[in-house]
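Chain identifiers are assigned alphabetically (A, B, ...) following the order of the sequence lines, protein sequences preceding nucleic acid strands; residue numbering begins at 1 within each chain. None of the values given here were measured: they were computed from a predicted structure. When reading the values below, keep in mind they use all heavy atoms of this one structure, side chains included, and skip hydrogens, waters and symmetry mates.
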Amino acid sequence: MEIPKQYEPKEVEGRWYPEWETNHYFAPETQTNPDAPVFTMVIPPPNVTGFLHMGHALNHTLQDVLARWRRMKGDRVLWLPGTDHAGIATQMVVTRQLAEQGIDRRDLGREKFIEKVWEWKAVSGGTIQRQMRIVGDSVDWQRERFTMDDGLSNAVKEVFVRLYDEGLIYRGEYMVNWSPGLQTAISDLEVEMKAVKGSIWHIAYPVSGNSTASGSEHFAGLAEAYAALNEGEAKSGLLKTPQGTFVVVATTRPETMLGDTAVAFNPEDERYAELIGKTAVLPLVGRKIQFIQDAIVEKEFGTGLVKVTPAHDPNDFAMGKRHNLEFVQVISKEAKITDAAPEKYRGLDRYEARKAVVKDLEEAGLLLKIEDYTHNIGQCQRSGQVVEPLISTQWFLQMKPLAEPALQAVLDGRTKIIPESVSKIYCNWLENIQDWCVSRQLWWGHLIPAYYTPDGTIIVARDEAEARERLLSQKLDPNTPLTPETDVLDTWFSSQLWPFSTLGWPEETEDLKKYYPTDVLVTAQDIIFFWVARMMMMGLKFMGEVPFRTVYINALVLDPQGQKMSKTKGNVIDPLDVFDKYGTDAARFALTAASTTGLTLALQESKLESARNFANKIWNATRFVLMNCGDILEDQEPLAWETELSEPSLADRWILSRLQYATAEVNLALTEYRFHEAAATLYQFFWNDFCDWYIELSKPFVTSAEASDENKAVKRRIIYILERSLSLLHPLMPYITEELWQRLPHRGKTICLNEFPTAAARDEQAEREMELFTGLVSKLRNIRSTFNIAPSISINAKVAATEATSQAVIAAMSAQIKRLARIETLEIVETIETQKGSVRDVVSDIEIAVPLEGLVDFEKEKARLEGTLTKLGKELEGLQKRLSNADFIARAATEVVAESRGRAAEVEDQIAKLNAMIAAM
RNA sequence: AGAAGCGUAGCUCAGCGGCAAGAGCGUCUGUCUUACAAACAGAGGGCCGUGGGUUCGAGUCCCACCGCUUCUACCA
């Protein structure tokens, strides 16, 4: 059998996924035992426009680890895949593509455009699915869903109508975040605040009656007067000059002054009390505006006087409502100045208008000061455009009544969020939740199921027929012409139903009964509010039960420098490049191993390399077995490990015990979502225990041509350990393990459905005894290395142990000690007498002497031993200090005290032996 | 401005109340020892951010401070 020395992932990876998929190994029905526990996960549906990024690679890998593990354990596993129609993102992609063909979306019309989107989806929408197959995601493709599927769209309608009927959905005119680029309202969550360097402009508004101001004259010297006024401690925005009295407001958006309808100050601000009842004249416009008092205004900020633009600022909007102000909309949905502003500004873009306004104010002598100012500006998450707060008629979902149960479910532990710290973020958000603007002025999405009568009455209904019924029940003419709503719903409105809409809700399907609630949701932290919290609310509302028992938040993948990946920084790593370069299994292993308790994960090249090396190690260990155990493999019989051919040796008992340990650790770690511990345990067990020690120890038996019972037994054991190891590794490294497992004698069709190891008791005695052996071999190797003894040179050694156990281990393992430490003659003696010219050392109770006459600088050797002695001395000092503390003896656990005593005795013994050795030199 | 998290070996991180503080990578020294040089064997490297406190005992728990990161809110 020809097996390459190096593992070539590309040779292997392409082979298995089609095999798994065509045989439906990932369908829950594969598990036919009716009593098998059910394990369900729904995939966070990626955007249909999307492609896998590093975060997905991590997210999918962890889910797949869980799915494969549970499936092998015998659970009925459903991991349900699907994609999200991603309203804005998809509409943007298709619009752009059409534009490239010279087609304007608007010319095409709504219906045709939507057709184009579906066409686009059919052709290029499958990228994610293809990539998921590369990663190895063991999802049930037969249950794949899309948020715009008929079934899911029905669920959306159903939910909308029910919420409306309950009074939780309302339509109204409010201030929303408007994206001028996308021409739609967006929710608060879709606005990203970014720090931007700007300015703050101080503008003087003449106070009526105290000046002859009409809005067009020029004032001189105001800036100097203002500067003089604010030189001292007592700052004020009330400027009294021979030309009249002025109030000075400070703003970051001077162009909005065109829509000002008041100037506000804090009711407790005595500086401005005299302004009550007066009005100001709005420069450039000439409108008389009133002074109002409102607690929202901070006395300390700026001048303590705020210009109020109720139609273009959320706070001003609130003040406008409170004080019954006029709402003058001077900025349009296109972010241009409207006809409500003086003629010269009309039609200007908001930033051009800003320049014009600033220039005109300056010319009027009313611009008193400009300061540099860095503040946060809301940007549209999708288009990147600066959001314009606008008053607009939209649909809203009232959140407080829904949020309360979702908050409770986490507080009382019905849903557990891991890591724990994230649940605080979740709770905090729900406690301060605001109503959600769910309508979008887009074409691609779920139409809001509402109709309007000619007089503007709103009828919310699942379809037109139902709308007419509802008209009738409201004693209205059922034949009234109805105009359907044209707004669609926020994408997240449908995704929030995902855990049950994908299972068939509102129909009471078998799947829904069987698989809801799901067990785990593995997701990223950036969609906790967008998605997780809302799913909690909807699951509780419509299913009466939490949508998932556990939410595991996977880390944010950073670049190797610990920086967030972003297109603008140019540090985005394509996971497929990584998978291609290091191999899928290695990349998956590295991601799992890096999934520690932290919320971020910097992807180190070195981690990937070491994972690739690990895959190679697995490959070569199997290669060794395949090359040497041909006679056993030819049988292709099920492994009969249960039938012993000979008494197991210390090494056999030890490796079995280590396997039990690793098995227990992996199962426990995965149960508790400690992915890195599962990976680390497997790495250490396979490499350090199995390869470095067990395979080495097996060589004399395995490579022997003689078909003795003992040799056969070792071969069977090594195959057994290897088979169990591959099974343990499979959830993390599916391809290489399937490939290699298929070459071993096995019982099933695929390792995917092979029985996952369960742990039996450890053999602690074997582990302790083995430690004596490995300790002794390591010491002998250390001596060789310290004195530069070439491997080709054989040396002799004497050992003497005081304990019976050690003596037995040495006797039983002497051949192996000689082989692994390259010892020619190993003399086992009762005591080692003073021997000049020998290098001496001690491990546990075993004394070692290696005669190296003439090869050794004994001054150096003395220093080496004294180094050890110093270390041991320090330890003993600590132990003695502890043991002489009466409080320690009295209060510490008895086993801790006993352990300290035992260790102290051992250290004392070793110190004595080392001292004797040094004395003898 | 609030909230959370993190500061442990050159780098990336484990360890979170008690064995002599670990791993991977990097470094140094040997070695192609019949699976693997993507390997093997050995070695060096740490006032566990700073200062207090709790405890018989503290990287490990509490408080303060310093530094970094993230989230939420936002002041015109």
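The side chain of A:Ile425 has B:rC71 as its nearest neighbour among B:rA14, B:rA38, B:rC71. Relative to the side chain of A:Phe624, the nucleotides B:rA35, B:rA76, B:rG15 differ in distance, and B:rA35 lies closest. In the set B:rC36, B:rG5, B:rG42, B:rC36 carries the atom at the smallest distance from any side-chain atom of A:Arg623. The side chain of A:Phe529 approaches B:rC71 more closely than any other nucleotide in the set B:rG42, B:rC71, B:rG15. Nearest to the side-chain atoms of A:Asp692 among the listed nucleotides B:rC19, B:rA41, B:rA35 stands B:rA41. The side chain of A:Asn315 sits closest to B:rC74 out of B:rG15, B:rC74, B:rU72. Among the nucleotides B:rA14, B:rA76, B:rG18, the one closest to any side-chain atom of A:His676 is B:rA14. Closest contact between the side chain of A:Val896 and the listed nucleotides B:rC36, B:rA76, B:rG18 involves B:rG18. Of the listed nucleotides (B:rG42, B:rA76, B:rA35), B:rG42 has the atom at the smallest distance from the side chain of A:Asn782.
Heavy atoms of A:Val625 sit nowhere under 4.0 angstrom from any nucleic acid atom. Within the 4.0 angstrom heavy-atom criterion, no nucleotide atom of any strand lies near A:Leu556. Heavy atoms of A:Ala680 sit nowhere under 4.0 angstrom from any nucleic acid atom. Within 4.0 Å (heavy atoms only), A:Arg612 reaches at least one base atom of the nucleic acid. Residue A:Arg822 is classed as a base contact, given a heavy-atom separation below 4.0 Å to a base. Using a 4.0 Å heavy-atom distance criterion, A:Glu696 is classed as a base contact.
Taking syn as a glycosidic angle within 90° of 0, B:rG59 qualifies as syn.
Proximity of A:Lys564 to the phosphate of B:rC71: a side-chain N or O atom is located under 4.0 Å from OP1 or OP2. For B:rA14, the OP1/OP2 oxygens have a side-chain nitrogen or oxygen of A:Thr596 closer than 4.0 Å. Remark: A:His375 is in phosphate contact with B:rA76, judged by side-chain N or O atoms under 4.0 Å from OP1 or OP2. In this structure, A:Tyr373 reaches the B:rA76 phosphate: one of its side-chain N or O atoms is under 4.0 Å from OP1 or OP2.
As rounded to whole Å, 20 Å separates atom P of B:rG57 from atom CD of A:Glu875. A straight line from CD1 of A:Ile200 to P of B:rA76 spans 7 Å, rounded to a whole angstrom. When rounded to the nearest whole Å, the span between CG of A:Leu599 and P of B:rG7 equals 12 Å. One atom, CD of A:Glu677, and another, C1' of B:rG15, lie 9 Å apart when rounded to the nearest Å. Taking atom CD1 of residue A:Ile695 and atom C1' of nucleotide B:rU33, one finds them 15 Å apart after rounding to whole Å. One interatomic measurement links the two molecules: CD of A:Glu895 to P of B:rG18, which rounds to 13 Å at whole-angstrom precision. If you take CG of A:Asn628 and C1' of B:rC36, they are 13 Å apart, rounded to a whole angstrom.
For B:rC68, the paired nucleotide is B:rG5, the pair qualifying as Watson-Crick or G-U wobble because both relevant distances are below 3.5 Å. Remark: B:rG46 base-pairs with no nucleotide in the shown strands. Criterion, Watson-Crick or G-U wobble with two distances under 3.5 Å. Checking B:rG59 for Watson-Crick or G-U wobble geometry (two distances, each under 3.5 Å) identifies no partner in any strand. In this entry B:rG10 has B:rC25 as its Watson-Crick or G-U wobble partner, both defining distances falling under 3.5 Å. The nucleotide B:rA39 finds its pairing partner in B:rU31, both defining distances of the Watson-Crick or G-U wobble pair being shorter than 3.5 Å.
Taking the six-membered ring for Trp and thresholds of 30 and 60 degrees, A:Phe614 and A:Trp687 have nearly parallel ring planes, at less than 30 degrees apart. Classified by interplanar angle (parallel below 30°, tilted 30° to 60°, perpendicular above 60°), the ring pair A:Phe690/A:Phe686 is tilted. The aromatic rings of A:Phe773 and A:Trp693 stand perpendicular to each other, their planes meeting at an angle above 60°, with 30° marking the opposite boundary.
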Polar atom pairs (N or O), protein with nucleotides 21-29 of chain B, under 3.5 Å:
{"from": "B:rG24", "atom 1": "O2'", "to": "A:Ser610", "atom 2": "OG", "distance (Å)": "3.2"}

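No hydrogens or angles were tested; on distance alone, nothing pairs the side chain of A:Asn616 with the base of B:rC36 as donor and acceptor under 3.5 Å. Judged by atom type and distance alone, A:Arg253 does not reach the base of B:rA76 through any side-chain donor-acceptor pair under 3.5 Å. Side-chain atoms of A:Lys617 come within donor-acceptor range of the base of B:rC36, with a qualifying N/O pair under 3.5 Å. On a pure distance criterion of 3.5 Å, no polar donor-acceptor pair joins the side chain of A:Gln910 and the base of B:rA20.
Defined by atom type and a distance below 3.5 Å, a donor-acceptor pair is present between the side-chain atoms of A:Arg882 and A:Ser900. No hydrogens or angles considered: nothing links the side chains of A:Asp260 and A:Thr256 as a donor-acceptor pair under 3.5 Å.
Checking A:Val306 against A:Phe888, the closest nucleotide of RNA chain B that is more toward the 5' end is the one next to A:Phe888. Both A:Ser778 and A:Ala602 lie close to RNA chain B; mapped to their nearest nucleotides by heavy-atom distance, the more 5′-ward contact belongs to A:Ala602.
Taking the C1' atoms as reference points, B:rC61 lies 23 Å from B:rC68, given to the whole Å. Annotation: B:rA21 and B:rG30 have their P atoms spaced 30 Å apart (nearest Å).
With hydrogens and angles disregarded, no donor-acceptor distance shorter than 3.5 Å links the side chain of A:Asp316 to the backbone of A:Pro310. A donor-acceptor pair under 3.5 Å is formed between the side chain of A:Arg623 and the backbone N or O of A:Ile3.
Proximity of A:Ile203 to A:Val248: side-chain heavy atoms (C-beta onward) are nowhere separated by under 4.5 Å.
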Checking side chain to side chain donor-acceptor pair (under 3.5 Å) for the pair A:Thr703/A:Asn628: CA distance, chi angles, key distance, verdict?
CA-CA 6 Å; A:Thr703 55; A:Asn628 290 293; 5.8 Å; no

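Summarising the local packing, CG of A:Asp372 is surrounded by 12 or fewer heavy atoms from other residues, nucleotides or ligands at distances under 6.0 Å. The 12-atom threshold is not exceeded at CD of A:Glu877, counting heavy atoms of other residues, nucleotides or ligands nearer than 6.0 Å.
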